[in-house]
Amino acid sequence: MTPGRRARQGRRPPTGSCAPTDLVPGQTSTGGFAEVAVGEGSAALMWSLVQVALLLVGLAVLVLLGALLRPAWSWWATARARPGGPSASAADTAGGAAATSPPEELRARSDDLERRERRLAERESRLDVAERELEIRSRTISATQEALTARQAALADLETERRLVLERAARLTADQARAQLVSSIENEAKREAALTVRELERQARAEGDRRARAIITTVVQRLATEQTTDSVVTTLQLPSDELKGRIIGRDGRNIRAFEQITGVNVIVDETPESVMLSCFDPVRREVGRMTLEHLVLDGRIHPRRIEELYARSLGEVEQTCLRAGEEAVAETGLTDLHPELVRLLGTLRFRTSYGQNVLRHLVESASIAALLAAELGLDPALPKRCGLLHDIGKALTHQAEGSHALVGAELARSHGESAEVVHAIEAHHDEVEPRTVEAVLTQAADAISGGRPGARRESLAAYVQRLERLEEIARSYPGVDTVHAMRSGRDVRVMVVPAEVDDLQAQVLARDIAKRVEAELTYPGQIRVTVIRETRATETAL
């Protein structure tokens, strides 16, 4: 039964009533029942709407209360989870422990928060302690700084007062005293530097001399060459003295023709079975010797035969020169020389310098330069080339102007030699300052080859003339008593008068004589000048 029907049943009039009590005036009873039915339907509808509205309001109130009570419930759950918090009743614990206890996650978070709070509290306390210590230190540092500032001011005042006292006592200002001190220190430093430099130079010179002697000794020991040299005089032995007359010819016809054709002078003296040939050009002298030798062997000596044999001898000498140049090049291993240079090297086979054969001297110098370069750890090819060609200018000295060094340098340059070789040739007699290692090695090799024992000799006349000139130079100075040239002119002993020359002047005199000898004389090796000052005191006992 619906609520509308129950309402209608409740308002039904009692049994036995004839007319309805709820009729309004002016209504008939017949129409009253229809109006009552309509009214009852509207009332039932309104009542349903009211109930729905009340239900919605109740739901809204419940939702609002749930939202308001949720924070309180969370606080209550958290409080219960903490130690010492409000505990649930025995009935609640028995009835629903699983529903009312907080989750494990909330407990872990709570524990983490508590630990963080404790750490923050500890850190805050430590920061407070550190802040107090820093404040104490800051006050201490400030006090110390003030004390230091006061002390520095006091020291500055004392320094100013001390400087004023020193200036008054020394009668110098601070700048003047500083200048004097700097000057004295500078002089002392220069003196010590000069002493140090002198000592270093002495050590370097001693070490250099020792190493140079060792290197040169090693090179000379390794060098194997001839000790004897050719003579500068060409002498031809004859089978008999009768040939001298045939060489001279009738009225000197043959000898005049020979000298005119060959350019060689024939000296016929009283020496038995020999004649001498004299000529400035060694190659021409060799051609004349071979021509005269062929004439003696042939026996027919007349101008036409002299011309024929001269032409043949000239070709033979040219072939000999070429073979000699090729042998020298092959011996040194420098096979890429220009053919003209090879030919000119061969012509030096007949030229001598102080009795030393020039071609052998060049080959020997090339070997020495290569050995020196090897001892110094250098490539020996270029020094060897410089040593072989350094005297090439002697082959053209009488045909070109200038020294043999400059002539040889120009000759090497015109035949395609490198700039290093050209410079070594022109600098081996210091006519040009040496700028390369090869030039210095060429100088050393030339000196070693010419100065070794048995390499060179000079004529007796030149030797005597050089000794006389040495003594003459020494005697030209005042205070010199006697002069003695010893050891073939390599050692000069000068005796001075003690009353006129003291010890200091003796040293100056030795240096002056050595400089003058070096400037005026030409000699191989070195000449040592020794000035001797002797004082004797003699008494007689009676």
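Without hydrogens or angle criteria, D251 side chain to R253 main chain gives no donor-acceptor distance under 3.5 Å. In terms of modelled atom types and a separation under 3.5 Å, the side chain of S476 and the main chain of I473 share a donor-acceptor contact. Between the side chain of N254 and the backbone N or O of I248 there is no donor-acceptor pair closer than 3.5 Å. Judged by distance alone, the side chain of K384 and the main-chain N or O of T332 form a donor-acceptor pair under 3.5 Å. Remark: the backbone N or O of A179 is not paired with any side-chain donor or acceptor of S183 at under 3.5 angstrom. For the pair D502 (side chain) and Q505 (backbone), a donor-acceptor distance under 3.5 Å is present. With hydrogens and angles disregarded, no donor-acceptor distance shorter than 3.5 Å links the side chain of R493 to the backbone of I532. For H429 (side chain) and E431 (main-chain N/O), no donor-acceptor pair under 3.5 Å exists by modelled atom type.
A side-chain donor from one of H361 and H390 sits under 3.5 Å from a side-chain acceptor of the other. Under the 3.5 Å distance criterion, with hydrogens and angles disregarded, no donor-acceptor pair is assigned to the side chains of H484 and D491. Side-chain polar atoms of E308 and H294 form no donor-acceptor pair below 3.5 angstrom.
The CD atom of E518 sits 14.0 Å away from atom CD1 of I513, with the distance rounded to the nearest 0.5 Å. The distance from atom CG of L406 to atom CD1 of I425, rounded to the nearest 0.5 Å, is 11.0 Å. Note that CG of N265 and CE of M276 are 11.5 Å apart. Values are rounded to the nearest 0.5 Å. Rounding to the nearest 0.5 Å gives a distance of 14.0 Å between CG of L337 and CZ of R343. One distance of note links CG of D446 with CD of Q443; it measures 8.5 Å at 0.5 Å rounding. Atom CZ of R256 and atom CD1 of I306 lie 11.0 Å apart (nearest 0.5 Å).
By the 4.5 Å heavy-atom criterion applied to side chains, Y310 and R305 are not counted as neighbours. Looking at heavy atoms from C-beta onward, V264 lies out of side-chain contact with E259 at the 4.5 angstrom threshold. You'll find the side chain of L521 reaches within 4.5 Å of the side chain of R469, heavy atoms only. With contacts defined as side-chain heavy-atom distances shorter than 4.5 Å, the pair H428/H404 qualifies. In this structure the side chain of T442 never reaches within 4.5 angstrom of the side chain of S365, judged on heavy atoms. R490 has its side chain out of reach of R528: every pair of non-hydrogen atoms, C-beta onward, lies at least 4.5 Å apart. Side chains of L344 and E340 form a contact here, defined as non-hydrogen atoms less than 4.5 Å apart. Between V494 and Y477 there is no side-chain heavy-atom pair separated by less than 4.5 Å.
A salt bridge does not link R162 with D157: none of the charged nitrogens is closer than 4.0 Å to a carboxylate oxygen. Salt-bridge annotation for E417 and R413: absent, with no side-chain N of the basic residue lying under 4.0 Å from a carboxylate O of the acidic one. Comment: E331 engages R360 in a salt bridge, judged by a side-chain N to carboxylate O separation of less than 4.0 angstrom. Under the 4.0 Å criterion applied to side-chain N and carboxylate O atoms, E438 and R385 are not assigned as salt-bridge partners. Between E293 and R289, at least one side-chain N (NZ, or NE/NH1/NH2) sits under 4.0 Å from a carboxylate O, which counts as a salt bridge. K515 has no carboxylate O lying under 4.0 Å from a charged side-chain N of D512, or vice versa, which leaves the two without a salt bridge.
Here the shortest heavy-atom pairing between R475 and V483 reads CG-CG2, 3.7 Å. Between A328 and V363, the shortest heavy-atom contact is CB-CG2, 3.7 Å. Minimum heavy-atom separation, S278 to I267: CB-CD1, 4.1 Å. Nearest approach of L441 to P383, heavy atoms of both residues: CD1-CG, 4.0 Å. When all heavy atoms are compared, the tightest approach of A439 to A427 is CB-CB, 4.5 Å. Listed here is the closest heavy atom pair of F350 and C321: CE1-SG, 3.5 Å.
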**Intermediate values then yes/no, side chain to side chain contact (heavy atoms under 4.5 Å, CB included), T530 and V492** = CA-CA 6 Å; T530 304; V492 179; over 6 Å; no
**Residues L411, L389; criterion side chain to side chain contact (heavy atoms under 4.5 Å, CB included); working and verdict** = CA-CA 10 Å; L411 182 64; L389 297 177; over 6 Å; no
**Request:** Check the pair H302, E307 against side chain to side chain donor-acceptor pair (under 3.5 Å), reporting the backbone distance first and the verdict last.
**Result:** CA-CA 9 Å; H302 53 83; E307 292 180 358; over 6 Å; no
**Request:** Take H423 and T436 through the side chain to side chain contact (heavy atoms under 4.5 Å, CB included) test and state the conclusion after the steps.
**Result:** CA-CA 8 Å; H423 174 66; T436 61; 3.5 Å; yes
**Request:** May I have the step-by-step check of side chain to side chain contact (heavy atoms under 4.5 Å, CB included) for V497 and V480, ending in yes or no?
**Result:** CA-CA 6 Å; V497 180; V480 175; over 6 Å; no
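Remark: of the listed residues V287, L309, T291, V287 is the sole one forming a side chain to side chain contact (heavy atoms under 4.5 Å, CB included) with L314. Each of E199, E207, E201, R205 was checked for a side chain to side chain donor-acceptor pair (under 3.5 Å) with Q203, and the lone residue meeting it is E199.
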